[in-house]
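Predicted model only: the values in this text are computed from it and were never measured.
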Amino acid sequence: QLGDEFADSSVNVISVDCTIEESVCSKFGVRGYPTVKYFTDETGDEGEDYQGGRNFEDLKQFTTETLAVKCLVTDTSGCSEKEVAYIEKMQGKGADEVAKQLARLEGMKASSMKPELKQWLKQRLNILTQL
């Protein structure tokens with residue numbers, strides 16, 4: 001449910017079955033089930049254990065407040081330098097080019113790619129839908 005809620009956002013929600021993916025769970029220090037971990041630039045590669053409530057509303061609130069990227073075309077203070085550069089580039093293009101890029105990126109959403117590339121794809125989609 002959380003994954004569906006944030007499907008078109010900057011957040012990736014991933015479920016791992018530790019009875020099958022033992023090496024992944026070992027790598028990230030998962031010892032009890034269920035364990036919820038989150039990853040940001042600040043948490044490092046091993047992430048942090050989520051300690052909040054486990055119902056949907058609590059998870060949604062935490063994700064929105066802590067994990068979702070808040071880059072707005074009208075207020076770039078929450079944007080990375082890369083996002084600002086992309087905003088400036090796309091604002092210089094016509095509506096047809098913006099629509100073309102949006103369609104191209106929408107078509108790539110289901111493709112398999114590295115997490116950082118998937119993140120950048122979502123960031124660009126976020127920007128283009130605001131233009």
Colleague: Just by distance, do the side chain of Ser80 and the backbone of Glu83 share a donor-acceptor pair under 3.5 Å?
Modeller: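 Indeed, once roles are kept as given, a pair shorter than 3.5 Å links the two residues.
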Colleague: Could you list all the side chain to side chain donor-acceptor pair (under 3.5 Å) pairs where at least one residue sits in residues 87-99, not counting sequence neighbours?
Modeller: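 Those involving residues 87-99 are Glu97-Gln101.
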Colleague: Test your reading of the model: is there a side-chain donor-acceptor pair from Thr66 to the backbone of Thr63, 3.5 Å cut-off?
Modeller: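 Not at all, since once roles are kept as given, no pair shorter than 3.5 Å links the two residues.
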Colleague: Restricting to side chain to side chain donor-acceptor pair (under 3.5 Å), what partner residues turn up for Asp17, sequence neighbours left out?
Modeller: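 Expected list: Thr19.
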Colleague: Distance check, rounded to the nearest 0.5 Å: Cys71 atom SG versus Arg124 atom CZ?
Modeller: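 Answer for the SG-CZ pair, Cys71 versus Arg124, is 13.0 Å.
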Colleague: According to side chain to side chain donor-acceptor pair (under 3.5 Å), who are the partners of Glu48, at least two apart in sequence or on a separate chain?
Modeller: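 In terms of side chain to side chain donor-acceptor pair (under 3.5 Å), with neighbours along the sequence ignored, Glu48 is linked to no residue.
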Colleague: So which residues get pulled into Val11's cluster when ILVMFWY side chains under 4.5 Å apart are joined, directly or through others?
Modeller: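 Noted: Val11 shares its cluster with Leu2, Phe6, Val13, Val36, Tyr38, Tyr50, Phe56, Leu59, Phe62, Leu67.
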Colleague: I'd like to know if Ile14 and Phe28 are part of one continuous hydrophobic network [Ile/Leu/Val/Met/Phe/Trp/Tyr, side-chain heavy atoms within less than 4.5 Å].
Modeller: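 Per the 4.5 Å side-chain linkage, Phe28 and Ile14 are co-clustered.
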Colleague: Is it the case that more than 12 heavy atoms not belonging to Lys109 sit under 6.0 Å from its NZ atom?
Modeller: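 Result for NZ/Lys109: enclosed.
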Colleague: Would you check if the side chain of Lys118 reaches a backbone N or O of Asn12 as a donor-acceptor pair within less than 3.5 Å?
Modeller: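 Not confirmed, Lys118 side chain does not pair with Asn12 backbone.
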Colleague: For Cys79 and Asp75, work out which heavy atoms get closest and say how close.
Modeller: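 Answer, listing the atom of Cys79 first, then Asp75: SG-O, 4.4 Å.
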Colleague: Hydrophobic side-chain clustering at under 4.5 Å (ILVMFWY, transitive links): who's grouped with Met113? Put none if nobody.
Modeller: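 Its cluster partners, ordered by chain and number, are Val73, Tyr86, Ile87, Met90, Val98, Leu102, Leu105, Met108, Leu117, Trp120, Leu121, Leu125, Ile127, Leu128, Leu131.
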Colleague: A quick test of your reading: do over 12 heavy atoms of other residues, nucleotides or ligands sit less than 6.0 Å from CZ of Arg54?
Modeller: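 Yes, CZ of Arg54 has more than 12 neighbouring heavy atoms, counting only those of other groups under 6.0 Å.
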Colleague: Show the nearest heavy-atom pair for residues Asp58 and Gly53, with the distance to one decimal.
Modeller: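 Heavy atoms only, the tightest pair is OD2-CA, 3.3 Å.
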Colleague: For Glu116, check side chain to side chain donor-acceptor pair (under 3.5 Å) against everything at least two apart and list the hits.
Modeller: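 Glu116 satisfies side chain to side chain donor-acceptor pair (under 3.5 Å) with no residue once adjacent residues are dropped.
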Colleague: To check you understand the geometry: which heavy-atom pair defines the closest contact between Cys18 and Tyr33, and what is its length?
Modeller: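 Taking every non-hydrogen atom into account, CB-CE2, 3.1 Å.
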Colleague: Please report the shortest heavy-atom distance between Thr64 and Ala68, naming the atom on each side.
Modeller: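 So the minimum-distance heavy-atom pair works out to O-CB, 3.7 Å.
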